[in-house]
Amino acid sequence: MAAEQLTPSATPLDGTAVQALSAAVRGTVLCPSDDSYDTARRVFNGMIDRRPALIVRCAGTSDVIQGVNFARTHGLVLSVRGGGHSVAGKAVCDGGLMLDLSGMKGVRVDPVRRTADAQPGLLLRDLDHETQAFGLATPLGIVSVTGIAGLTLGGGLGWLNGKYGLACDNLLSADVVTADGELLTASAAELEDLFWGLRGGSGNFGIVTSFRYELHPVGPVLAGGVTYPLSKAREVLRFYHEFASTCPDELSTVGSLGTGPDGSLVVSIVVCYCGPIEAGQRVVRPLREFGDPLEDGIQPMPYCTLQSAADTGFPSGRQHYWKSSWLKDLNDDAIDVLARFVAENPSPTTGVGLQQMHGVASRVDQAATAFPHRGEQFDFLILSNWDDPTDAERNIEWTRAFFQAMQPFLERGVYVNDLGDEGDDRVRAAYGVNYERLAAVKKKYDPTNFFHSNHNIQPAG
Ligand SMILES: Cc1cc2nc3c(=O)[nH]c(=O)nc-3n(C[C@H](O)[C@H](O)[C@H](O)COP(=O)(O)OP(=O)(O)OC[C@H]3O[C@@H](n4cnc5c(N)ncnc54)[C@H](O)[C@@H]3O)c2cc1C
């Protein structure tokens with residue numbers, strides 16, 4: 001590391017201070033002249049091109065504390081990278097200090113108590129791999145290369161929500177490094193206000209160095225998708241709306257529209273039944289008997305196979321621009337707009353998702369955790385992505401026009417983990433009715449708003 005080549009920051013960094021930080025951490029400190037710097041500053045969304053003055057690749061909690069203290073003392077913006085999958089790219093900052101937790105991948109499963117202690121650099125696939133060794137799992141997301149940290153702190157929608165709730169509903173406790181470099185443990189029994197805020201407050205209060213999750217018996221599951229041509233969108237999505245609204249907690253579903261492997265436009269319904277396979281076969285029969293599908297891939301499979309099934313569609317580094325809100329009523333007019341815009345989709349890799357929220361996840365009281373969007377609904381998400389940066393303008397224009405046309409059917413609320421950089425109103429819409437209480441927790445645990453490279457909650461007052 002060549003400390004003399006540091007990017008200027010709020011308080012000029014002197015090489016001696018950086019050398020001292022390097023010596024104090026067990027991981028590594030990178031600056032712009034280091035070979036691995038450019039790889040380390042990259043995140044999932046290829047549109048994000050920020051250059052921190054320093055990257056601290058943390059090996060453990062001690063390094064996190066060192067990094068926090070260094071950034072605070074030197075007046076540096078601090079950003080925190082877990083799995084690096086936030087589409088807004090908040091994990092990386094310009095000119096500040098990026099704490100890279102991706103090397104912190106420790107996990108300990110207690111199969112008797114059915115808990116897992118997990119470090120924040122784990123991806124979903126890492127944690128699932130360890131818990132599935134014991135036939136257990138905690139609800140996470142649906143793409144296995146996503147980071148557990150950002151996903152859990154924002155909520156966590158995935159295949160087990162109907163039966164076991166969101167990822168954040170299964171958090172039992174968390175170790176948190178605060179802005180003054182103190183390590184706290186929050187749970188239902190201690191620091192209850194902090195624990196409440198961590199479950200949906202999206203990294204606003206401190207840096208989580210360990211998550212304790214509740215585990216459940218899971219797998220094999222009955223899962224896969226049934227695919228139809230987009231020309232059948234109206235019949236298929238009408239059926240889907242009805243099917244999803246009557247399905248048992250064990251079944252979770254995702255509707256998707258986009259381009260199939262052969263280049264034709266398709267609409268699919270993907271399901272996961274996490275109870276006994278035979279019972280699942282009965283539950284999914286109406287779906288399998290509906291219409292004349294191009295493909296029916298529903299079959300029993302290991303849970304980890306389902307979790308990684310969508311991974312190839314999400315390689316790191318593509319340009320991404322997303323728009324999202326909650327959708328309660330998938331009526332015919334909404335379906336017509338969906339089908340019309342998908343038919344004019346400028347990128348074959350772009351997809352539209354309708355991720356179902358129902359069952360246990362939907363029945364948790366709105367005030368029980370910081371995650372406010374409870375109730376039966378779909379997370380409607382336009383996942384625009386393309387490879388060539390010169391295609392940005394037309395893809396972004398199409399996404400905005402599509403989102404605008406969907407407005408009559410959408411709720412104001414938005415899932416915080418789907419947000420791009422969309423301004424304060426959208427951030428407030430993400431925290432919804434819980435915003436004021438979150439602001440009070442923020443004031444107590446981070447009164448100077450030291451942690452602001454996130455979907456930010458302003459300290460109350
Ligand atoms: C391909 C893809 C698929 C996805 N699928 C799903 C899905 O199925 N369900 C779902 O709910 N979401 C999904 N998401 C959204 C996902 O939840 C968010 O992108 C989330 O931010 C990912 O977490 P991360 O750790 O990878 O992100 P990062 O970009 O590393 O972090 C995001 C933010 O979280 C905060 N943060 C991260 N780690 C910590 C920490 N240890 N302590 C405190 N704050 C921290 C920071 O503010 C950081 O800026 C998906 C995203 C992508 C790109």
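Side chains are part of it too, since the values below use all heavy atoms of this structure and drop only hydrogens, waters and symmetry mates. Order of appearance sets the numbers: ligands from 1, and atoms from 1 within every ligand.
Using cut-offs of 30° and 60° on the angle between ring planes, the pair F70 and H74 is parallel.
Under the 6.0 Å cut-off for aromatic ring centres, Y228 and Y240 do not qualify, their centroids lying 6.0 Å or more apart. A centroid separation of less than 6.0 Å is found between the aromatic rings of H320 and F44.
Closest non-hydrogen pair, R374 versus C168, comes out as NH2-SG, 4.4 Å.
Enumerated by chain and number, the residues approaching ligand 1 to less than 4.0 Å through a heavy atom are F44, V80, R81, G82, G83, G84, H85, S86, K90, A91, L101, P120, G141, I142, V143, T146, G147, A149, G150, L151, L153, G156, L157, G203, G206, I207, V208, F314, W322, Q355, Y415, N417, S453, N454.
Atom OG1 of T138 is separated from atom CG of L215 by 5.5 Å, given to the nearest 0.5 angstrom.
Under the side-chain hydrogen bond (donor to acceptor under 3.5 Å, both in side chains) criterion, the residue pairs touching residues 389-398 are D388-T390, with sequence neighbours excluded.
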